[in-house]
Each structure stands twice: as structure tokens, then as C-alpha cells.
Amino acid sequence: VQLQASGGGLVQAGGSLRLSCAASGRTFSNYHVGWFRQAPGKEREFVAAISWSGVSTYYADSVKGRFTISRDNAKNTVALQINSLKPEDTAVYYCAARSQLLPFATTSYDYWGQGTLVTVSS
């Protein structure tokens, strides 16, 4: 499966963005999808994930209550709604996929898209 993240940009602290991950190549509903981010000089970290069916979601503690992940399997897309942005949310955001044959998890994703940059000014 091929993934393409989009929707990043420059936003002021307190603002919102909606990131999108578009999939192609294979049946999208066969995959759990996660969002990860990598800030300058830091390691990549898990942000949020949604199971193949959309029934289960999981969030990093740092984004709970501010980020919402959702998916539309008919449109082969996963969205990440980001509210109340903080300067520390500045990072390149990546979406990734993991086969539904594997347990829903926050690590070990096999397919990655190129990232989209989110910059939050204070």
C-alpha cells in the first residue's frame, strides 16, 4: 500500500489543522493506520492510531483531548484533526500502515508515506 500525507502548514499556537493520509495500491481496510511525528533533532514518536475497522483508536498521552484520528475506508483516507496546537507540536507528521492480520499496535508499522510539515508559531 502506498501512503501520502498532506495538510501540514504554518499555524499559530491555539489553531487547528486537519491532516490527511491517502492510500492507494491495496485494499485500505486491510490495514491499521498510525500517525507519527518527528520534531527537529528528536526521534520519531507515535501520535495516534486507528484500527482497520475504525472501531479502536489509541493516542499518545501528549495529544489526548486535542487530536482526533478517523478513517473513511470507502475513500481510502485517514484524517488527523489537530486542535489547540502548541509550539511543541511542530514536526514532520507521517502516516503509516500495518496489516490487519497483526495486532492493533503503536509500533512496527511496515508501510510509510512521506511526511507533511506542521509548524506552530508562538
Side-chain angles (χ1 to χ4, degrees):
V1 61
Q2 290 79 48
L3 305 171
Q4 177 67 55
S6 62
L10 173 64
V11 64
Q12 289 187 331
S16 298
L17 279 175
R18 186 175 180 86
L19 306 184
S20 181
C21 178
S24 62
R26 295 190 180 182
T27 304
F28 185 55
S29 60
N30 287 345
Y31 297 89
H32 309 304
V33 175
W35 283 95
F36 297 77
R37 66 186 181 186
Q38 187 166 19
K42 296 186 177 181
E43 293 187 353
R44 187 168 59 196
E45 65 175 356
F46 167 78
V47 174
I50 189 165
S51 62
W52 67 272
S53 64
V55 170
S56 299
T57 57
Y58 191 78
Y59 298 91
D61 288 343
S62 59
V63 306
K64 281 181 182 176
R66 300 188 299 121
F67 289 21
T68 303
I69 190 171
S70 60
R71 70 187 297 161
D72 185 338
N73 285 340
K75 295 183 178 180
N76 291 348
T77 58
V78 169
L80 185 68
Q81 178 67 39
I82 308 176
N83 298 327
S84 303
L85 277 158
K86 304 176 181 180
E88 51 264 43
D89 293 320
T90 294
V92 177
Y93 284 71
Y94 300 88
C95 59
R98 171 181 169 91
S99 172
Q100 69 164 124
L101 298 179
L102 300 172
F104 181 46
T106 62
T107 61
S108 301
Y109 280 69
D110 301 307
Y111 304 94
W112 292 82
Q114 62 183 65
T116 186
L117 177 63
V118 172
T119 304
V120 184
S121 62
S122 57

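Computed from a predicted structure; not experimentally measured.
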Answer yes or no: is there an ion pair linking Lys64 with Asp61, defined by an N-O contact shorter than 4.0 Å? yes
Might you point out which heavy atoms bring Tyr94 and Gly113 nearest each other, and give the distance in Å? CD2-O, 3.4 Å
Heavy-atom closest pair, residues Trp52 and His32: N-ND1, 3.0 Å
With side-chain contact (heavy atoms from CB on, under 4.5 Å) as the test, would you mind laying out the steps for Tyr59 and Ile69 before giving the verdict? CA-CA 9 Å; Tyr59 298 91; Ile69 190 171; 3.4 Å; yes
To check you understand the geometry: which heavy-atom pair defines the closest contact between Tyr111 and Leu3, and what is its length? O-CD1, 3.5 Å
Arg37: which of Leu19, Val47, Thr90 passes side chain to side chain contact (heavy atoms under 4.5 Å, CB included): Val47
Looking at every heavy atom in both Gly25 and Gln2, which two are closest together, and how far apart are they? CA-OE1, 3.5 Å
Heavy-atom pair of closest approach, residues Ala48 and Leu80: CB-CD1, 4.1 Å
Would you say Val118 and Val92 are hydrophobically clustered, going by side-chain heavy atoms of ILVMFWY under 4.5 Å? no
Value for OG1 (Thr77) from CG (Asp72), rounded to nearest 0.5 Å, stands at 5.0 Å
Side-chain (Arg71) to main-chain (Gly54) donor-acceptor, under 3.5 angstrom: no
May I ask you to decide if the ring planes of Phe36 and Tyr109 are parallel, tilted or perpendicular, using 30° and 60° as cut-offs? perpendicular
How far apart are the closest heavy atoms of Ala23 and Phe28, and which atoms are they? CB-CD1, 3.2 Å
Mark yes or no for whether Arg98, through its side chain, and Ser108, through its backbone, hold a donor-acceptor pair below 3.5 Å. yes
